[in-house]
Chemist: 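What follows is a single structure, and I will ask about it in a moment.
We use all heavy atoms of the structure for the numbers below, so side chains are in, but hydrogens, waters and symmetry mates are not.
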2 protein chains.
Amino acid sequence: MLRITKITDYGFILLAHMANQDQELLHNAKDLSAAIGIPLPTVSKVLKILTQGGILKSHQGSKGGYTLGKPAAEITAAEIIEAVEGPVAITDCSSAEGCERNCVVSSSWQQVNTAVIGALSGLTLDDMSHG
Amino acid sequence: MLRITKITDYGFILLAHMANQDQELLHNAKDLSAAIGIPLPTVSKVLKILTQGGILKSHQGSKGGYTLGKPAAEITAAEIIEAVEGPVAITDCSSAEGCERNCVVSSSWQQVNTAVIGALSGLTLDDMSHG
DNA sequence: CCAATTAAGACTAAATAGGTCTACTATTTT
DNA sequence: AAAATAGTAGACCTATTTAGTCTTAATTGG
C-alpha cells in the first residue's frame, strides 16, 4: 500500500482549494466544508492540524478563518505530509535516528527514503493546485 | 508515516538472510524462524505470501522448503513490496487505474508515485543483503 | 504407511485511523 | 457589556486494518 491517510488527503484538497483563490482571503471551516463536501467537524480537525504544523495561519473570533502560512509555491508536499503524519519514513530503519536493531538492510532503506523525500519535496502546492 | 507493514519488513529480513547463503539451498520455515528470531507461525505466513507473489519458489513435502525464485540481483524492493502489499500507490489518485473522483491534484500524485516506484525499483535484494 | 513440510484460510486480539462531540477561548459587532 | 461567530483542545466511540495464531488439508521422501 504505502499510502497517505485520509486526513492528509483532505488536507491536500483543502490546501489546493485555498491556493486557487486570493491568498489574503480568510477561509472559515464552515464555508470550506460547504465548498468541498467534507463534513464540518472533519474539516475543522484537518485545519487545526495544518495550523499546528505551521502550514496555515489562523485568525480567531468573529470574521476569523484561515490563510496559507506562505506562498503556495513555497509549500511542498513533503512539508504537508510531515505536518499531518509526522516524519516521513518508509521503515523504522529509515528514520533520522536510525535503526536500533542495526539490521543489515538499514543503509539501503535510508537511500530509498531520501529518494522518496526528494520526490515529495520537489512538488509544491502551486504545482498541485494547477492540476 | 508512509510506512511498509511489519509483514513486509519481515519479508525483507527473511529474503536478505536467504540471499546471503547458497541460492540453491532449501530453507524451511522452522530453521528460518530459529535463525532470525521471529515466531514460526508468522515466518510461515510471510513465506507463503512471498511464494504466492512469485518471489520465492516452494518445495512441498518432507525435506521441502523455499528458495529464491530468481537471482538476488534481479529481485527489486518494488517487487517485494508489491508481492506483499499489492500495487504501490501513495493515494487512490496515484494508482494505475487513476482517480475516480478526477480531482485536481491527481496528475501530480502520479508524478510522485512514479518517482517512488523508481527509487524502489533501483534497489535489489543483492544490494540490501550486503548492507 | 509415516513423518515432515508447505498450503489455505479461519479466527482473535491489538493497533490505528476516522469521525464526532463537548467545553473553552478569542474576536468582532451591536 | 453582551451576543454572535469562529477557532482550540482534547476526549471519545466506532470502524478498519494489521498482527499473530491455530486448524485442517495436501504433498513428498523414505
Chemist: Using side chain to side chain contact (heavy atoms under 4.5 Å, CB included), reason through A:Phe12 and A:Ile80 one step at a time and then give a plain yes or no.
Modeler: CA-CA 8 Å; A:Phe12 277 102; A:Ile80 296 168; 3.6 Å; yes
Chemist: Starting from P on D:dT8, measure out to CG on A:Leu56 and report it in whole angstrom.
Modeler: 10 Å
Chemist: Is there any protein nitrogen or oxygen under 3.5 Å from a nitrogen or oxygen in nucleotides 21-23 of chain D, and what are the pairs?
Modeler:
from	atom 1	to	atom 2	distance (Å)
D:dT21	OP2	B:Thr42	OG1	2.9

Chemist: Whole angstrom is fine here: how far is it from CD1 in A:Ile13 over to C1' in C:dG18?
Modeler: 15 Å
Chemist: Does A:Ser44 place a side-chain N or O at less than 4.0 Å from the phosphate oxygens OP1/OP2 of D:dT8?
Modeler: no
Chemist: Got a salt bridge between A:Glu79 and A:Lys70, using NZ or NE/NH1/NH2 to carboxylate O under 4.0 Å?
Modeler: yes
Chemist: Mapping B:Thr51 and A:Ile7 to their closest nucleotides on DNA chain C, which lands nearer the 5' end?
Modeler: B:Thr51
Chemist: I need the NZ-C1' distance between B:Lys30 and C:dA7, as an integer number of Å.
Modeler: 19 Å
Chemist: For the side-chain hydrogen bond (donor to acceptor under 3.5 Å, both in side chains) test, which of B:Gln23, B:Glu24, B:His17 pairs with B:Gln21?
Modeler: B:His17
Chemist: Does A:Ser44 reach the main-chain N or O of A:Leu40 with its side chain, forming a donor-acceptor pair under 3.5 Å?
Modeler: no
Chemist: Below 4.0 angstrom from OP1 or OP2 of D:dA6, is there any side-chain N or O of A:Ser58?
Modeler: no
Chemist: How close do A:Thr91 and B:Ile4 get, heavy atom to heavy atom, and via which atoms?
Modeler: CG2-CD1, 3.2 Å
Chemist: Atom CD1 of B:Ile81 to atom P of D:dT18: distance rounded to whole Å?
Modeler: 14 Å
Chemist: Set out, in order, the CA-CA distance, both residues' side-chain angles and the distance that settles side chain to side chain contact (heavy atoms under 4.5 Å, CB included) for A:Leu125 and A:Leu68, then state yes or no.
Modeler: CA-CA 10 Å; A:Leu125 182 55; A:Leu68 295 183; 4.2 Å; yes
Chemist: Write down the distance between NE2 (B:His27) and P (C:dA4), rounded to a whole number of angstrom.
Modeler: 21 Å
Chemist: At a cut-off of 3.5 Å, list every protein nitrogen or oxygen paired with a nitrogen or oxygen from nucleotides 27-30 of chain D, distance to 0.1 Å.
Modeler:
from	atom 1	to	atom 2	distance (Å)
D:dT27	O4'	B:Gln60	OE1	3.0
D:dT27	O3'	B:Gln60	OE1	3.4
D:dT27	O2	B:Gly61	N	3.3
D:dT28	O2	B:Ser62	N	3.0

Chemist: Rounding to an integer number of Å, can you tell me how far A:Asn28 CG sits from C:dT27 P?
Modeler: 17 Å
Chemist: Measure from the side-chain N and O atoms of A:Asn113 to the backbone N and O of A:Ile90, and report whether any donor-acceptor pair falls under 3.5 Å.
Modeler: yes
Chemist: I need the single residue from B:Leu15, B:Leu14, B:Thr51 that forms a side-chain contact (heavy atoms from CB on, under 4.5 Å) with B:Tyr66. Which is it?
Modeler: B:Thr51
Chemist: My understanding is that only one of B:Asp126, B:Ile55, B:Thr124, B:Leu56 makes a side-chain contact (heavy atoms from CB on, under 4.5 Å) with B:Ile75; could you say which?
Modeler: B:Ile55
Chemist: With a 4.0 Å cutoff (strictly under), does any side-chain N or O of A:Tyr10 reach OP1 or OP2 of C:dA17?
Modeler: no
Chemist: What nucleotide among C:dT6, D:dG7, D:dG20 has an atom nearest to a side-chain atom of B:Lys6?
Modeler: D:dG20
Chemist: Just call it for B:Leu47: base, sugar-phosphate, or nothing, with non-hydrogen atoms closer than 4.0 Å on any strand.
Modeler: nothing
Chemist: What is the distance, rounded to the nearest whole Å, between atom CD of A:Glu85 and atom C1' of C:dG18?
Modeler: 13 Å
Chemist: To the nearest angstrom, how far is B:Leu2 atom CG from C:dA17 atom P?
Modeler: 12 Å
